[in-house]
Amino acid sequence: MNTSLGYLIRLELINTAKLMLLDDASVATISRRLGFEEANHFSRFFKHYSGSTPTDFKSKKYNS
């Protein structure tokens, strides 16, 4: 597969977060459920691996 286990775990976290955002869960709720201590840590993580903030991702859902 040429990818590390850590990278696969991070991708799974991002995919889970995206599904939760599509189900209208709040960023704070998602960050707690995924094990982040602060919502801003989750937002930074999400933006780094998905290219957009959780809020932007959620707003794209409503604009499409």
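Along the sequence shown, residues carry numbers from 1. Every heavy atom of this structure was used, including side-chain atoms; hydrogens, water molecules and symmetry mates were not. The structure presented is a predicted model; accordingly, all values stated were derived computationally and were not measured.
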Residues that [X] engages under side chain to side chain donor-acceptor pair (under 3.5 Å), provided they are two or more places apart:
X	answer
T53	D56
R10	Y49
Y7	none

List the atom pairs, with distances to 0.1 Å, where a side-chain N or O of residues 27-36 and a protein N or O form a donor-acceptor pair under 3.5 Å, not counting sequence neighbours.
from : atom 1 : to  : atom 2 : distance (Å)
T29  : OG1    : S26 : OG     : 2.7
S31  : OG     : V27 : O      : 3.3
S31  : OG     : A28 : O      : 2.8

Any donor-acceptor N/O pair, K58 side chain to A25 backbone, under 3.5 Å: yes
Transitive ILVMFWY cluster of I9, excluding itself - 4.5 Å side-chain cut-off: L5
Inter-residue atom distance T3.OG1 - L11.CG, 0.5 Å rounding: 8.0 Å
L22: partners by side chain to side chain contact (heavy atoms under 4.5 Å, CB included), with sequence neighbours left out: F57, K61
For residues 37-47, tabulate all N or O donor-acceptor pairs below 3.5 Å that involve a side-chain atom, not counting sequence neighbours.
from : atom 1 : to  : atom 2 : distance (Å)
S43  : OG     : A39 : O      : 3.2

